[in-house]
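This report refers to the structure that appears directly beneath it.
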Amino acid sequence: EPEVTQTPSHQVTQMGQEVILRCVPISNHLYFYWYRQILGQKVEFLVSFYNNEISEKSEIFDDQFSVERPDGSNFTLKIRSTKLEDSAMYFCASSETDLAGSSGANVLTFGAGSRLTVL
Amino acid sequence: DQQVKQNSPSLSVQEGRISILNCDYTNSMFDYFLWYKKYPAEGPTFLISISSIKDKNEDGRFTVFLNKSAKHLSLHIVPSQPGDSAVYFCAASAGTFGDGTTLTVKP
């Protein structure tokens with residue numbers, strides 16, 4: 001069964017360092033997402049991406065965050081200068097259709113997540 | 001403004017009994033609702049969905065009920081099994097997730 005793969009599974013970094021989290025979405029999916037879950041808290045939407053540009057982003061997704069699809073398979077989340085409060089599980093997801101404005105149940109397929117620990 | 005809410009952080013039921021997980025929403029424009037299940041150290045996985053034009057959708061042991069007038073939906077699992085123990089997230093079609101409910105099914 002197709003799956004979304006994420007690397008690394010766990011990254012420890014010092015505050016202020018740049019981090020890149022990588023994701024390989026399902027090959028025929030067109031929409032890509034990043035979510036995060038701080039320990040013990042809810043799953044929060046960060047950003048959605050389609051056709052090589054951001055289609056929607058949340059208030060959390062500020063200037064220190066960026067996303068990129070550098071080639072035909074990878075989808076990356078970059079955090080420029082990490083802060084302690086960026087420590088969380090980051091989940092990548094992909095879907096065949098868009099979340100907003102679609103007439104179908106837009107099912108997201110999630111990766112297993114990347115745990116980021118900022119010291 | 002939290003558009004999707006799951007007010008019960010945890011639920012414990014006996015194996016074989018029914019589990020009922022609840023979810024409330026505020027935005028009447030949501031056209032689909034989805035339930036995801038999440039095991040530790042894994043990403044959420046899709047479980048079942050319901051269109052806003054329906055009031056019930058059933059898939060095996062899982063049934064989701066939608067009450068549009070009350071802006072409420074619920075997931076019923078019957079009979080519950082120990083393997084159902086996980087965190088269950090209610091989500092709206094706009095990608096907004098609830099806080100999750102941790103279900104524990106005791107043997």
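Numbers restart at 1 for each chain; the letters A, B, ... are given by sequence-line order, proteins then strands.
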By a 4.5 Å heavy-atom criterion (distance strictly below it), what part of [X] contacts chain A: side chain, backbone, both, or neither?
| X | result |
| --- | --- |
| B/Tyr36 | side chain |
| B/Ala41 | backbone |
| B/Ser49 | side chain |

Counting only non-hydrogen atoms closer than 4.5 Å, does A/Glu44 touch chain B with its backbone (N, CA, C, O), its side chain (CB onward), both, or neither?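 It is neither, since no heavy atom gets under 4.5 Å.
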Between the side chains of A/Tyr31 and A/Ser48, is a donor N or O closer than 3.5 angstrom to an acceptor N or O?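 No, A/Ser48 and A/Tyr31 have no side-chain donor paired with an acceptor closer than 3.5 Å.
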Strictly by modelled atom types, are B/His72 and B/Ser74 linked by a side-chain donor-acceptor pair under 3.5 Å?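 There is no such pair between these side chains.
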With rounding to the nearest 0.5 angstrom, report the CE to OG1 distance, A/Met89 to A/Thr117.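 Result: 10.0 Å between the selected atoms.
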Heavy atoms only: give me the nearest B/Val4-B/Cys23 pair and the separation to one decimal.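 Where B/Val4 meets B/Cys23 most closely, the heavy atoms are CG1-SG, 3.5 Å.
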